[in-house]
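The structure displayed is predicted, hence computed values, not measured ones.
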Amino acid sequence: MRKFLSFLTLALALLALFFTFAAFFFSFKPTHPIMKLEKGWTVTYRNQQYLNTNLEHMSTQVGATFSRGDVVYLSQTSPLVDIRCDFPYLAFKTRYCYYEIFLDEELISSTVPESSSNKEFIGVGYNFIPLPDNYVGKRLTIRLYVTENSTRADIITPLIGDFDDIYRDMIHSMIYPFTIGLFMLMFGEVFLIISLLFYIRSAGVTTQILCSVLNIVLGCWILTAFDVTDFVLPPNINTTLEFCTMYLITPLIYAIVFDLHRRWENKILIVMGLSTLAFSLTFMFLHFLNVVHINHFQYPYYFISTVGMIILVAYVYMDLKSKSHNSSRLILMIGITFMAVSLFGYIIAAVLHQYIGFASTPIISAIMPTGVMFFVFMQLLNYFVYMTHSFAQKKEYAALTKIAYIDNLTGLPNRVSCDERLDVFNKSDKNFCLLSLDLNGLKEVNDNAGHPAGDRLLKSFADTLKAVIGDLGVCTRIGGDEFLVLIEKTTPMELDKRLVKLDQELLELDKKVPDVNHSVSYGYAFREEVEDGDTHSVFMLADQRMYDYKRAHYANMMKR
C-alpha cells in the first residue's frame with residue numbers, strides 16, 4: 001500500500017508540474033485590445049432580414065439548422081474601429097461553409113470555388129483573415145455558402161485583434177483540454193513503445209497495447225474537437241481527423257473489453273465490436289472517396305456508442321459480481337467506464353444542439369478531459385499492479401529455480417544442475433575433465449557428533465572446494481558426501497597443484513576444529529583418456545580413481 005501511494009503521489013506531482021508549465025507558458029496579457037463582434041449584426045437569410053442579431057443565438061430567429069445551398073449574409077451595422085496593432089486579423093469559425101469577406105462591398109477574402117459543382121469537404125474550424133491597413137471605419141460583411149445539410153445555425157463570435165493576441169487568447173481559453181490532449185498523445189506514444197518492447201519479450205500485454213493506441217486516439221480527438229489544432233490544420237483536415245478519431249474510440253473500447261474477458265462467452269461483444277469497426281472504416285472510406293462526407297454519420301454513431309456504453313456498464317457489473325475477482329481487469333474496466341460516461345456529455349450536447357460548440361462550454365470542456373485523465377490514472381494503477389505482480393512472480397520463480405537447481409545446504413549446484421551441464425559436455429567435441437571427490441569420515445561425524453556437525457563439515461568443505469578450484473570449473477554436490485567438479489579446460493599439472501592446496505586448506509580447518517577430521521578422497525579423468533568419450537565413461541574412470549585414493553587413505557590410517 002505504501003508503494004502504491006508513493007507511485008500515485010509521483011504521478012499526480014508530474015501531472016501537476018505538466019499543468020503548471022502549460023499554464024505558465026501560455027499565460028499572457030493581450031498587448032492590444034481584442035474586439036468581439038457578437039452583437040449588432042444584420043442577418044439576411046431566405047429573403048428575410050433579422051436586425052441587431054447576436055450570432056451565438058441566431059438559431060432562435062432563423063431556425064436550428066441551415067441546409068445545403070443556403071446563403072447567409074452577415075453585416076455589421078457599426079464600422080470597425082482602430083485596435084492599433086501591427087497585424088490586425090479577423091478570426092471567425094465556420095461550419096461546413098464557404099465564405100466571402102467584404103469591407104464596404106470590397107472583397108478581401110474568399111474560399112468560394114469557381115465551379116458550383118465542387119463537392120469538396122469544407123469542415124469546421126477557425127479562419128484567420130488578415131485585414132488591410134485601411135480597415136478602420138469600414139463595415140464588415142460575411143457571406144456564408146452552406147455546403148452540408150443540418151448545419152448548425154449558431155455562429156461563434158468573430159474576433160478582431162492582433163494575430164498573436166488572438167492565438168494566445170484562444171489557447172489560454174482552452175488550456176485544460178489542450179494540456180490533457182497533448183499529455184494523452186505523449187503518454188500513449190511512450191506506453192505504446194514500452195508495451196511493444198514487453199510484447200516482444202513476453203505475452204499478456206495486448207491490453208496495454210490497445211490502451212496505448214486508445215490514448216493516442218483520445219489525444220488526437222481532444223486536440224481537434226476543442227479547436228486546438230485549428231492554428232496548424234485547415235478546417236477540412238481538422239474535422240476529418242476529429243471524426244475519424246471519434247469513430248475509432250468505440251471499436252477500441254470493444255477490443256479492450258474483449259481482451260480483458262477472453263475466457264467469457266462474448267458473442268454480443270464480438271458482433272457489436274466488429275459491426276462498429278466496419279461502420280467506422282466504411283464511412284471513413286466513403287469520405288475519402290468523396291462519395292458522402294463523414295459528418296453525416298455522427299448520429300448513428302452516437303446511437304451505437306450509447307449502446308456500447310450500456311454493454312460496458314453491464315460488463316463492469318458482472319466483474320464486480322464475479323467470484324474470480326481480477327483486480328487488474330476491474331481497474332481498467334472502471335477507468336474505461338468513467339471515461340465513456342464523461343464522453344457521453346459530448347453526445348448529449350451534439351444531439352440536443354444546445355451548445356454552439358462544446359469547446360466553449362466550461363462544464364463540458366472540463367468533464368470530458370477529466371474523464372479521459374481518470375482513464376490514464378487507472379492505467380497507471382493497473383501498470384503498478386501488473387509490475388508488482390510480475391516482480392512477485394519473478395521472486396517466486398527464482399526461489400523455485402534455486403530449490404530445483406541449488407543444493408540448499410552448501411549453496412552449490414545440485415545433481416539436476418550437474419546432469420544438465422554434463423549433457424552440454426556430451427554434445428561438445430572439446431576435451432574436458434571431471435574431478436570426483438568424496439568426504440572421508442562423514443558417517444562417523446554424524447554418528448558421534450550429530451547431523452548438525454556433519455552439516456557444518458559439508459558446508460565448510462564446499463566453501464573450501466569452491467575457493468580453491470571454483471575458478472577452474474563448476475563445483476557441484478551430487479550426493480550426501482559426493483562432489484563433482486566439471487572442468488572445461490585445465491592440465492593435470494595445474495589440477496594437481498590445486499588438489500595439494502585443497503589438502504593444505506583442509507589441514508588448516510583441522511587445526512581450527514580439531515574434533516572433526518577434514519579430509520577428502522579424489523580422482524579425476526579427462527575425456528581423451530576414455531575410448532567412448534562420453535561423460536558417463538569419464539565419470540566412471542574418475543570415480544574409480546577416487547575410490548582407489550580412498551582405499552589407500554584408509555589403509556594408511558589403519559597402519560597408523
Side-chain angles (χ1 to χ4, degrees), residues 19-42 53-56 74-95 97-111 122-144 154-179 181-182 223-239 356-357 359-362 365:
F19 278 132
T20 304
F21 172 76
F24 173 78
F25 184 78
F26 289 104
S27 63
F28 84 110
K29 272 189 175 182
T31 308
H32 309 90
I34 297 176
M35 186 174 13
K36 295 186 176 182
L37 307 176
E38 55 185 357
K39 298 178 181 178
W41 290 88
T42 298
T53 301
N54 185 330
L55 296 184
E56 296 193 355
L74 310 173
S75 300
Q76 262 285 313
T77 54
S78 302
L80 300 180
V81 299
D82 188 5
I83 58 173
R84 297 180 181 180
C85 67
D86 297 328
F87 303 100
Y89 267 74
L90 168 67
F92 65 101
K93 188 174 184 179
T94 55
R95 302 184 62 84
C97 294
Y98 293 117
Y99 63 81
E100 290 178 334
I101 309 297
F102 297 88
L103 287 179
D104 281 351
E105 305 302 325
E106 179 187 353
L107 181 66
I108 64 170
S109 181
S110 173
T111 59
I122 304 303
V124 179
Y126 275 94
N127 305 280
F128 301 93
I129 312 300
L131 295 176
D133 294 336
N134 60 347
Y135 74 92
V136 179
K138 295 185 177 182
R139 285 180 172 81
L140 173 67
T141 300
I142 302 175
R143 188 179 298 171
L144 301 177
D154 293 320
I155 298 174
I156 297 288
T157 297
L159 303 174
I160 291 181
D162 184 80
F163 178 80
D164 186 63
D165 287 339
I166 294 174
Y167 162 77
R168 288 181 175 273
D169 180 65
M170 288 184 174
I171 290 292
H172 185 71
S173 65
M174 57 186 76
I175 188 66
Y176 186 59
F178 167 70
T179 308
L182 198 60
L223 292 177
T224 51
F226 283 90
D227 305 323
V228 177
T229 52
D230 283 1
F231 303 100
V232 292
L233 296 176
N236 58 336
I237 296 177
N238 189 77
T239 307
I356 56 174
S360 61
T361 307
S365 62

Nearest 0.5 Å, please: how far is [atom2] in [Y] from [atom1] in [X]?
| X | Y | atom1 | atom2 | answer |
| --- | --- | --- | --- | --- |
| Leu74 | Arg143 | CG | CZ | 11.0 Å |
| Trp41 | Asn54 | CH2 | CG | 11.0 Å |
| Leu103 | Gln76 | CG | CD | 11.5 Å |
| Leu159 | Asp169 | CG | CG | 7.0 Å |
| Leu80 | Leu90 | CG | CG | 8.5 Å |
| Leu144 | Ile122 | CG | CD1 | 11.5 Å |

So, for [X] and [Y], which heavy atoms are closest and what is the spacing to 0.1 Å?
| X | Y | answer |
| --- | --- | --- |
| Met170 | Ala91 | CE-CB, 4.1 Å |
| Arg84 | His32 | O-CD2, 2.8 Å |
| Tyr99 | Ile129 | OH-CD1, 3.2 Å |
| Gly161 | Ile83 | CA-CD1, 3.2 Å |
| Thr239 | Val124 | OG1-N, 2.5 Å |
| Pro79 | Gly137 | CB-O, 3.3 Å |

Non-hydrogen side-chain atoms of [X] and [Y] separated by less than 4.5 Å:
| X | Y | answer |
| --- | --- | --- |
| Thr224 | Val228 | no |
| Phe128 | Ile166 | yes |
| Phe178 | Leu223 | yes |
| Ile101 | Leu107 | no |
| Tyr135 | Asp82 | yes |
| Tyr126 | Thr94 | no |
| Leu140 | Leu37 | yes |

*Verdict with reasoning, Thr42 to Thr53, per side chain to side chain contact (heavy atoms under 4.5 Å, CB included)*: CA-CA 6 Å; Thr42 298; Thr53 301; over 6 Å; no

_Which label fits Tyr89 and Phe163: parallel for a plane angle under 30°, tilted from 30 to 60°, or perpendicular past 60°?_
tilted

*Between Thr31 and Asp164, do the side chains contain an N or O donor and an N or O acceptor separated by less than 3.5 Å?*
no

*Considering residues at least two apart in sequence or located in another chain, which fulfil the side chain to side chain donor-acceptor pair (under 3.5 Å) criterion with Asp162?*
none

*asked:* Could you go through Ile108 and Leu131, starting from their C-alpha distance and side-chain angles, then the distance that decides it, and tell me whether this counts as side chain to side chain contact (heavy atoms under 4.5 Å, CB included)?
replied: CA-CA 8 Å; Ile108 64 170; Leu131 295 176; 4.0 Å; yes

*Given side chain to side chain contact (heavy atoms under 4.5 Å, CB included), test Val81 with Met35 step by step and report yes or no.*
CA-CA 9 Å; Val81 299; Met35 186 174 13; 3.6 Å; yes

*Charged N to carboxylate O under 4.0 angstrom, Asp227 versus Lys93?*
yes

*Any salt bridge between Lys138 and Glu106, counting N to O under 4.0 Å?*
yes

*Would you confirm whether Arg139, through its side chain, and Thr77, through its main-chain N or O, come within 3.5 Å as a donor-acceptor pair?*
yes

*Output yes when a side-chain donor or acceptor of Glu38 lies under 3.5 Å from a complementary backbone atom of Leu55, and no otherwise.*
no

